[in-house]
Structures are given as structure tokens and as C-alpha cells.
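Scroll down for the structure; my scribbles are underneath it.
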Amino acid sequence: MARKKSKASPPFRNGWLNLSSPTQIDLHERPSTPYLEAECDDLTSRTWSTPPSPQLTSDDELDATSPLAVLDFDVPPKHIRTSSKDSLFSVAFPACPGPNQKSDRFWLEDGSVVILVERTLYDVHKSVLKSHSDFFKREIQEESGAQELAHGSRRNPIVLDVAKSEFELLLTVIYPLAYDSRFDYTTSEWLTTLIISAKLKFVSIRKAASDHLYELFTVVDRIRLGRKYSVPEWSLPGYLVFCNREEPLSLEEGMELGMEDVIKISRAREMSMKGIAWTEMEKLFT
């Protein structure tokens, strides 16, 4: 008498893959987790190509040339990974991004390079960016072939990992609404301009921000902020002031500067009393 076959365990149990099941898994079967159900319904309605072994960046964002960028998105989506600490199986789906929006002010009619920052698109002049920024001079290269796919085109914008508010403040400096308001910024806005211009290598804008802020800060602030934001033209003159003045550091100044600077300034003052030139003392602070 033939033995009755036992009913096979389902490949999915409680929304997770049952690794102990001997049943051949149907790849078209989906787990019953509501979140994945909705995600799969949306994804299966699209046309996908089969990518070869994608390589993800450290922050799980896909590069513009990634093989996972198979849809006609302005920028490849983030990568969603759902897994359980108790499971050896994880499922990866590309997220469905929201649409990118054109900037109201900085989508110029005669713009020649498209930049994407936080889902906002900017179309500005490549000649202006390249003439002021070493970063964009390197990023914007004249390419032969299909211009619609060139880096900085509408289909392949330059993606910047900066805050939208910072980038728009930088563009406001480049494209002021009125020239008499070009330098009508708060201290915080000037500091933001200094940071973003340094990051994107706008040398002349960084210098303008540095020169403006220099007069607003105390000597301690120049040293502290100059060290924090890598502005030696602030910090070194500040150290020189403390090394050359007659009175020593006050308790308040020492607390703000920190122990390391206090020791370096004390040592430099000793060197100064021995007649050692500033060019030698400067080495303590660089």
C-alpha cells in the first residue's frame, strides 16, 4: 500500500521565508506582509531589466551609472532592504521616488547645466560655474556624442550632496536680485556662504565671505572658527595677537580656546621673549 505523502510546508510563513521547507520556492510568490504586498504590487506593474550584480555605495544610494537605475528617473532611487535579525534571508527593492521639482528662481531659460539638490532641479550657466569653481570645472566636461545624456544634462543632472538652503544661498550670491543687495546678509548667512563656497571650491566667493566675517568676530572667535572651518587667514593672525600682546590670556579666553591652544600660545610667548621670529612660532599652530 502506497504511503500517503505528507503536505509540504509552505515556503513562506508569517511573512518570512521558511528556510526549513524542502519545497521548491516559486520566485513569483510573495510574502504576505502588507508592506511588501503593496511594494510588490507597485513594482510588478513596471517593466524591469535584469541588472548585473549591483554595487551599492556606503550610504546605500545608487550611483547614476548603476545597473539598478533601469527606470527613467531623474536620479536613481534609494535602496530599501527589509530583513529580520532572526532571518538569514533579506529582500531588496528599489524605492519609488517622488518627482523632482524645478526651482522657481534658478531654472533659467538659457541655462546650460542642470544640478539636482534634494529633489530640486536648477538650470544655470555652466560658463559661470566653471569660471568661479574648480569643482565645477572638473565636473562639467565637454563630451562628444549624445548631449542629452551628458553629465549635467536634463536626463543626467549633476547631483550635489549639500543642503538645498545652502546651495540656493550660494546661487543668490552668484545671481543677486539687485547688485546693491549682494552683501546684505546676516552673519549666519555669511558663515553658510563660507562653508558651501569652500566645499564647492568657489575661491573668490569664499574670500569675500571670509573678509566680511573677519571684522565681525573677536580674536577668540577667529581662532576657534578658523580652526573649525579651516580658515587659516582667521586663526593665524589671532594667534599672533595673543603672542605679541603684553597681558596674558584671561581665564575666559583660555576656557573658550581650550587647553591645547592655551599651551601653544604660552610656548609661543616664551619664544617671542627670546627674540624668536614669528615664522618659527607659526609652526606651532599649523
Side-chain angles (χ1 to χ4, degrees), residues 63-64 75 103 105-108 110-118 120-143 150-153 156-241 261 278-279 281-286:
D63 183 74
V75 169
S103 170
R105 179 177 172 188
F106 298 110
W107 184 266
L108 309 181
D110 58 344
S112 52
V113 61
V114 180
I115 299 169
L116 179 66
V117 179
E118 293 184 359
T120 300
L121 291 163
Y122 305 87
D123 195 356
V124 292
H125 302 106
K126 67 170 65 175
S127 59
V128 174
L129 298 186
K130 291 175 68 173
S131 64
H132 291 285
S133 166
D134 292 338
F135 170 83
F136 283 108
K137 190 180 299 181
R138 183 182 69 251
E139 287 292 313
I140 304 173
Q141 300 290 338
E142 299 299 332
E143 302 178 14
H151 194 40
S153 64
N156 185 21
I158 297 173
V159 183
L160 297 183
D161 184 21
V162 298
K164 175 183 175 181
S165 58
E166 294 177 353
F167 187 63
E168 290 192 346
L169 183 60
L170 178 66
L171 291 180
T172 301
V173 176
I174 299 172
Y175 297 101
L177 289 175
Y179 282 100
D180 58 354
S181 65
R182 178 183 289 271
F183 300 113
D184 188 19
Y185 302 125
T186 65
T187 301
S188 176
E189 288 172 335
W190 272 118
L191 190 56
T192 299
T193 300
L194 175 79
I195 296 169
I196 186 65
S197 60
K199 186 172 186 177
L200 298 180
K201 309 299 183 185
F202 282 86
V203 178
S204 61
I205 294 178
R206 178 189 175 279
K207 185 178 185 306
S210 173
D211 292 346
H212 185 85
L213 289 169
Y214 184 85
E215 301 299 330
L216 303 178
F217 294 147
T218 65
V219 177
V220 172
D221 287 335
R222 292 171 193 169
I223 294 176
R224 186 170 51 84
L225 295 175
R227 186 175 60 243
K228 180 177 180 180
Y229 297 115
S230 301
V231 189
E233 60 266 31
W234 288 357
S235 56
L236 290 178
Y239 287 126
L240 180 60
V241 169
D261 276 339
W278 166 248
T279 53
M281 294 187 289
E282 184 180 3
K283 297 176 182 178
L284 292 172
F285 308 106
T286 56

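No experiment lies behind these values; they were computed from the predicted model shown.
Within 6.0 Å of NZ on Lys130 lie more than 12 heavy atoms contributed by other residues, nucleotides or ligands.
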Next item on the list: Carefully, step by step, assess Leu160 and Leu116 under the rule side-chain contact (heavy atoms from CB on, under 4.5 Å).
Entry: CA-CA 6 Å; Leu160 297 183; Leu116 179 66; over 6 Å; no
Next item on the list: Would you sort out whether Phe136 and Val113 count as a side-chain contact (heavy atoms from CB on, under 4.5 Å), showing the intermediate values?
Entry: CA-CA 10 Å; Phe136 283 108; Val113 61; over 6 Å; no
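Taking the six-membered ring for Trp, Tyr175 and His125 have ring centres closer than 6.0 Å. Ring centroids of Tyr122 and Phe167 are separated by less than 6.0 Å, placing the two rings close together.
Between Arg105 atom CZ and Leu108 atom CG the span is 9.5 Å, to the nearest 0.5 Å. Between the CD1 atom of Ile158 and the NZ atom of Lys126 there is a distance of 8.5 Å, given to the nearest 0.5 Å. Asp123 CG to Ser112 OG: the interatomic distance, rounded to the nearest 0.5 Å, is 7.0 Å. Between atom CG of residue Leu225 and atom CG of residue Leu216 there is a gap of 11.0 Å, rounded to the nearest 0.5 Å. With rounding to the nearest 0.5 angstrom, the CZ atom of Phe202 is 9.0 Å from the CZ atom of Phe135. Atom CZ in Arg222 sits 9.5 Å away from atom CZ in Phe217 (nearest 0.5 Å).
Inter-residue side-chain proximity for Val114 and Trp107 is flagged as met; some heavy-atom pair is nearer than 4.5 Å. You'll find the side chain of Leu169 stays beyond 4.5 Å of the side chain of Ile196, heavy atoms only. With a 4.5 Å cut-off on side-chain heavy atoms, His132 and Val203 do not count as touching. The shortest side-chain heavy-atom distance between Phe106 and Thr172 falls under the 4.5 Å cut-off. Within the 4.5 Å cutoff, the side chain of Ile174 has heavy atoms near those of the Ile205 side chain. You'll find the side chain of Val162 reaches within 4.5 Å of the side chain of Val117, heavy atoms only. You'll find the side chain of Tyr239 reaches within 4.5 Å of the side chain of Arg227, heavy atoms only.
Remark: the backbone N or O of Thr186 is paired with a side-chain donor or acceptor of Glu189 at under 3.5 angstrom.
Using a 4.0 Å cut-off between charged side-chain N and carboxylate O, Arg224 and Asp261 make no salt bridge. A salt bridge is defined here as a Lys NZ or Arg NE, NH1 or NH2 lying under 4.0 Å from an Asp or Glu carboxylate O, and Glu139 with Lys201 fails to meet this definition. With salt bridges taken as basic N to acidic carboxylate O contacts below 4.0 Å, none links Arg138 and Asp134.
In terms of heavy atoms, Ile223 sits closest to Gly238 at CD1-C, 3.6 Å. Nearest heavy-atom pair, His151 versus Pro157, reported as atom, atom and distance to 0.1 Å: CE1-O, 4.1 Å. Nearest heavy atoms, Lys283 versus Thr279: CG-O, 3.8 Å. Between Leu170 and Ser197, the shortest heavy-atom contact is CD1-CB, 4.3 Å. Residues Trp234 and Tyr214 approach most closely at CD1-CD1, 3.6 Å, considering heavy atoms. Residues Ser210 and Val231 share a closest heavy-atom pair of OG-CG1, 3.8 Å.
Side-chain N/O atoms of Asp221 and Thr218 include a donor and acceptor closer than 3.5 Å.
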